[in-house]
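A short worksheet on the structure shown next.
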Amino acid sequence: MRVLVVSSTALRTPPKSYGGLEAVAYQSALYLHRHGYEVTLAAATLPGAYYPFNVIELPPGSPQDYEQPLDLITEKDLKSFDLVIDHSHSHRVGIKANGLGVKSMCIHHDLMPGALGCTAHYAVSRAHASYFESIAGVKAGVIYDMVDTSDIRPSKKEPVLLWVGRVNKGLTNWLRWVKSFREEYKGEVTPVVIGDDSYMAGVNIDQMREIKRLVEETNAIYYGLTDRKTLTYYLGKAVATYSAFQPGYIEVFGMWAVEAMAANSVPLAPHQDVLRELLPGSLRKRGLPSPPFRLEDISLITRRALESPFDNLVRHARRFSPEKVGRAYEEEIIKLARLPSS
């Protein structure tokens, strides 16, 4: 079967250091190629990256429309495929393909549904599917994000509390929580910040001033946007990993949480329903609150993790490996193949 996998052109695919849907698009193309599909990836490619399949090389997008380069994929291109899997934010390629009679799977990585019109639509968690259907009025299947954690290893834990994620996902709120927690805990704690602080992430100068002030007040180690090696090092050391402290912000999946579990670092974020799917039963066995967490729950779990680090989370991360999730892709491809052509 000839399959076109479409990534966003907002970032390179695979992303240079770490990233969201671009990493998932690359992993899905890699999985399908290794399992006998004739795969082509349409993306803003990364020089020097490994592409064992065909590639439609596109330029990176610009701020006016980060995915405009996807319009360079022609109708002739699309008609040469049996299936299009569109991971982009706009899903313009999947919608165009469906209109041409080429079946398309649109994988939604954003909370708010973008344009509809693909053959089939998929959310990346059950919690996300519920939001999707209530907002869009369209039923969505569920295919979890693929997360390759093969480069992550648990190591001897230290009193490290690690922030992972764009800094505008609530870093200032997390640093304020760290400040309060340290005053109460009294023991040794080292906060570390890793996450995108670039203009592309929507960060402004006022946010950075406030972050700088709070980093100094908490004596945090601040990396911002850094390399993958630094991220995996601190995941291995951290007793707990945090993200999404912004009020009203909803995670639809949380690759950071899976990467944390792969290092036996407990993932914590307030009011995130999806963590219930990612951490089934792990905390109840310790007599700890289950997600979604309140701030007081996060403080309690952090204290316990500092006293006795978790050592049993890796198995939960394996549920989201490319091999495990890849089977869900193949099941959905078989279902779509059985549908009559439009």
Side-chain angles (χ1 to χ4, degrees), residues 20 109 111 123-134 140 142-147 149 152 154 157 159-165 169-171 173-178 180-182 184-185 187 189 191 235-321 324-325 328:
H109 297 273
L111 176 64
V124 293
S125 65
R126 293 194 300 273
H128 183 204
S130 177
Y131 287 120
F132 185 96
E133 291 170 26
S134 65
V142 175
I143 300 180
Y144 288 112
D145 280 346
M146 288 182 177
V147 188
T149 59
I152 298 173
K157 294 301 183 188
V160 171
L161 308 183
L162 176 64
W163 169 274
V164 173
K169 284 171 66 172
L171 174 59
N173 293 326
W174 181 72
L175 288 168
R176 292 186 190 104
W177 170 84
V178 167
S180 173
F181 177 80
R182 291 178 79 170
E184 172 195 329
Y185 178 63
V189 168
L235 282 169
K237 297 290 186 185
V239 297
T241 300
Y242 309 79
S243 194
F245 265 59
Q246 184 68 25
Y249 181 86
I250 297 173
E251 290 275 28
V252 296
F253 180 73
M255 295 177 70
W256 65 272
V258 176
E259 292 177 331
M261 291 189 295
N264 278 330
S265 179
V266 61
L268 299 171
H271 312 300
Q272 299 297 333
D273 287 337
V274 73
L275 289 179
R276 200 163 19 201
E277 294 177 54
L278 306 185
L279 272 170
S282 299
L283 299 172
R284 281 199 305 273
K285 292 175 183 176
R286 286 195 172 204
L288 294 170
S290 294
F293 301 122
R294 301 166 300 169
L295 284 177
E296 52 263 43
D297 298 332
I298 290 173
S299 296
L300 172 61
I301 296 166
T302 299
R303 178 183 287 273
R304 293 285 183 84
L306 285 162
E307 294 166 352
S308 177
F310 285 77
D311 60 5
N312 63 343
L313 300 176
V314 174
R315 62 192 176 89
H316 295 301
R318 293 190 188 119
R319 295 166 48 223
F320 308 101
S321 69
K324 293 278 189 185
V325 178

*If a pair satisfies side chain to side chain donor-acceptor pair (under 3.5 Å) and one of its residues is in residues 292-313, list it, with sequence neighbours excluded.*
W177-S299, E184-R303, Y242-T302, R294-E296, R294-D297
*Report the C-alpha separation of D145 and V325 in whole Å, then their side-chain angles, then the decisive distance to 0.1 Å, and conclude whether the side-chain contact (heavy atoms from CB on, under 4.5 Å) test is met.*
CA-CA 7 Å; D145 280 346; V325 178; over 6 Å; no
_So P289 and L300, do their side chains get closer than 4.5 Å, heavy atoms only?_
yes
*asked:* With rounding to the nearest 0.5 angstrom, report the CZ to OH distance, R319 to Y144.
replied: 6.0 Å
*Hey, does Q246 have a side-chain heavy atom less than 4.5 Å from the side chain of W174?*
no
*asked:* If you compare all heavy atoms of I298 against all heavy atoms of A269, which two are closest, and at what distance to 0.1 Å?
replied: CD1-C, 3.6 Å
*Any donor-acceptor pair under 3.5 Å from K157 side chain to G236 backbone*: yes
*Heavy-atom pair of closest approach, residues Y131 and D273*: OH-OD2, 3.6 Å
_What I'd like to find out is whether the side chain of H316 reaches to under 4.5 Å of the side chain of P280, using heavy atoms alone._
yes
_Test side-chain contact (heavy atoms from CB on, under 4.5 Å) on L295 and F181; report intermediate values, then the result._
CA-CA 10 Å; L295 284 177; F181 177 80; over 6 Å; no
*Is it the case that R176 places NZ or CZ above or below the six-membered ring of F245, under 6.0 angstrom from the centre and within 45 degrees of the axis?*
no
*Is L279 close to M261 at the side-chain level, that is, under 4.5 Å between some pair of heavy atoms?*
yes
*Shortest non-hydrogen contact from F293 to P267?*
CE1-O, 4.0 Å
*asked:* Surrounding CZ of R284 (heavy atoms of other residues, nucleotides or ligands, distance under 6.0 Å), is the total greater than 12?
replied: no
*So, for W256 and S243, which heavy atoms are closest and what is the spacing to 0.1 Å?*
CE2-CB, 3.4 Å
*How long is the span from the NE2 atom in H128 to the CD atom in E277, to the nearest 0.5 Å?*
11.0 Å
_Contact summary for L278 and G254, nearest pair of heavy atoms_ = CD1-O, 4.0 Å
_Identified side chain to side chain contact (heavy atoms under 4.5 Å, CB included) partner of L235 from the options T149, N264, I152_ = I152
*Report yes if the side chains of V147 and F253 come closer than 4.5 Å at any heavy-atom pair, otherwise no.*
yes
*Full working for side-chain contact (heavy atoms from CB on, under 4.5 Å) between L161 and V239*: CA-CA 6 Å; L161 308 183; V239 297; 3.9 Å; yes
_So does E251 get a backbone contact from the side chain of Q272, meaning a donor-acceptor N/O pair under 3.5 Å?_
yes
_Side chains of F132 and V124, heavy atoms from C-beta outward: is any pair under 4.5 Å?_
no
*Distance from K324 atom NZ to M146 atom CE, nearest 0.5 Å?*
13.0 Å
*Closest heavy-atom pair and its distance - A129, A140*: CB-O, 4.1 Å
*Taking the side chain as every heavy atom from C-beta outward, state whether V274 and V252 have any atom pair closer than 4.5 Å.*
no
